[in-house]
**Student:** 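Have a look at this one.
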Amino acid sequence: MEFKENEAIYLQIARYINENILTGNWRTDEKILSVRDLAIKLQVNPNTVMRSYEYLQNKEIIYNKRGIGFFVGGSAVKKIKAEKRDHFLNEELPLFFKTMNLLNIGMDEIAKRFDEYLSEIHQSQISKNENQ
């Protein structure tokens with residue numbers, strides 16, 4: 001994993017964990033990698049991973065079974081999506097609108113491209129199901 005210099009590493013690791021949960025790689029009540037194993041995998045200090053785990057535990061995304069390890073929380077997906085949605089709507093969308101305005105891009109063009117994107121995803125899912 002390559003880390004960005006403008007954001008704390010433990011937050012980037014937390015985002016990595018969240019993405020694994022959202023994509024279904026790590027499921028509800030499933031044990032996740034130990035602090036040591038994730039530190040080795042990401043080539044970081046175990047204390048940094050522990051800070052990420054504590055951060056996510058405080059947000060109730062993961063929980064600790066003492067002596068066993070960390071597990072994905074029951075409402076982890078819901079909480080991650082809510083947080084990501086808030087971030088998108090309050091941080092990213094205003095920048096997106098600013099860029100649209102500067103480049104004279106209208107909502108009709110955005111809607112058209114979004115519909116094309118959804119169509120591509122739908123076709124991809126159909127192809128995937130047919131090949132299984």
**Student:** Answer yes or no: does atom CZ of Arg27 have more than 12 heavy-atom neighbours from other residues, nucleotides or ligands under 6.0 Å?
**Tutor:** no
**Student:** How close do Thr48 and Tyr10 get, heavy atom to heavy atom, and via which atoms?
**Tutor:**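 In this case the closest contact between Thr48 and Tyr10 is O-CB, 3.8 Å.
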**Student:** How many angstroms lie between CG in Asp86 and CG in Leu89, if you round to the nearest 0.5 Å?
**Tutor:** 7.0 Å
**Student:** Is any NZ, NE, NH1 or NH2 atom of the basic residue among Lys79 and Glu83 found under 4.0 Å from an Asp or Glu carboxylate oxygen of the other?
**Tutor:**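 Between Glu83 and Lys79 there is no salt bridge, as every charged N stays at least 4.0 Å from the carboxylate O atoms.
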**Student:** Would a distance-only check, ignoring hydrogens and angles, find a side-chain to backbone donor-acceptor pair under 3.5 Å from Asn129 to Gln125?
**Tutor:**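 Such a contact is found between Asn129 side chain and Gln125 backbone.
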**Student:** Is a side-chain N or O of Ser119 found less than 3.5 angstrom from the main chain of Asp115, in a donor-acceptor match?
**Tutor:** no
**Student:** Treat each ILVMFWY residue as a node, draw an edge where side-chain heavy atoms are under 4.5 Å apart, and state whether Tyr63 and Ile80 are in one component.
**Tutor:**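 No, Tyr63 and Ile80 fall in different hydrophobic clusters.
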**Student:** Is it possible for you to say whether Phe71 and Leu56 belong to one hydrophobic cluster, with membership spreading through side-chain heavy-atom contacts below 4.5 Å?
**Tutor:**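 Phe71 does not cluster with Leu56.
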**Student:** List the steps, then state whether side chain to side chain contact (heavy atoms under 4.5 Å, CB included) holds for Phe3 with Ile13.
**Tutor:** CA-CA 9 Å; Phe3 296 101; Ile13 293 170; 3.9 Å; yes
**Student:** Atom CD1 of Ile21 and atom CD1 of Ile62: how far apart are they, to the nearest 0.5 Å?
**Tutor:**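 Ile21 atom CD1 to Ile62 atom CD1 measures 7.0 Å (nearest 0.5 Å).
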**Student:** Does the Gln12 side chain pair with the main chain of Lys4, one donor and one acceptor, at a distance under 3.5 Å?
**Tutor:**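 Yes: the side chain of Gln12 pairs with the backbone of Lys4.
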**Student:** Around atom CD of Gln43, are there more than 12 heavy atoms of other residues, nucleotides or ligands at under 6.0 Å?
**Tutor:**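 No, CD of Gln43 has 12 or fewer neighbouring heavy atoms, counting only those of other groups under 6.0 Å.
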**Student:** Could you give the distance from CD (Glu109) to CG (Leu103), rounded to the nearest 0.5 Å?
**Tutor:** 10.0 Å
**Student:** Please enumerate all residues that pass side chain to side chain donor-acceptor pair (under 3.5 Å) together with Thr23, with sequence neighbours excluded.
**Tutor:** Asn25
**Student:** For a side chain to side chain contact (heavy atoms under 4.5 Å, CB included) check, start with the C-alpha distance between Met1 and Lys41, then their side-chain angles and the critical distance, and finish with the verdict.
**Tutor:** CA-CA 9 Å; Met1 181 172 176; Lys41 180 177 182 171; over 6 Å; no
**Student:** For Pro94 versus Asn90, what's the shortest heavy-atom pair and its separation?
**Tutor:** CG-O, 3.6 Å
**Student:** With no hydrogens and no angle check, is any side-chain donor or acceptor of Ser124 less than 3.5 Å from a backbone partner on Glu120?
**Tutor:**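 Not confirmed, Ser124 side chain does not pair with Glu120 backbone.
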**Student:** Is Ile40 linked to Tyr16 within one hydrophobic cluster, defined over Ile, Leu, Val, Met, Phe, Trp and Tyr using a side-chain heavy-atom separation of less than 4.5 Å?
**Tutor:** no
**Student:** Enter the distance from Ile61:CD1 to Asn18:CG here, rounded to the nearest 0.5 Å.
**Tutor:**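 Atom-to-atom, Ile61:CD1 and Asn18:CG are 4.5 Å apart.
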**Student:** Roughly how far, to the nearest 0.5 Å, is NZ of Lys84 from NZ of Lys81?
**Tutor:**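 Here the interatomic distance stands at 11.0 Å.
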**Student:** Could you check Leu38, Leu22, Val49 and say which one makes a side chain to side chain contact (heavy atoms under 4.5 Å, CB included) with Ile17?
**Tutor:** Leu38
**Student:** How about NZ on Lys31, more than 12 heavy atoms from neighbouring residues, nucleotides or ligands closer than 6.0 Å, or not?
**Tutor:** yes
**Student:** Who are the side chain to side chain donor-acceptor pair (under 3.5 Å) partners of Ser34, not counting sequence neighbours?
**Tutor:** Asp37
**Student:** Side-chain heavy atoms under 4.5 angstrom apart, residues restricted to Ile, Leu, Val, Met, Phe, Trp, Tyr: same cluster for Phe88 and Phe114?
**Tutor:** no
**Student:** Indicate, with yes or no, if Ile110 and Leu95 share a hydrophobic cluster defined by side-chain heavy-atom contacts under 4.5 Å among Ile, Leu, Val, Met, Phe, Trp and Tyr.
**Tutor:**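 Different hydrophobic clusters.
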**Student:** Could you tell me the separation between the CG atom of Leu33 and the CH2 atom of Trp26, rounded to the nearest 0.5 Å?
**Tutor:**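 Result: 5.0 Å between the selected atoms.
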**Student:** Is the closest side-chain heavy-atom distance between Ile121 and Tyr117 below 4.5 Å?
**Tutor:**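 Yes, close enough: below the 4.5 Å cut-off.
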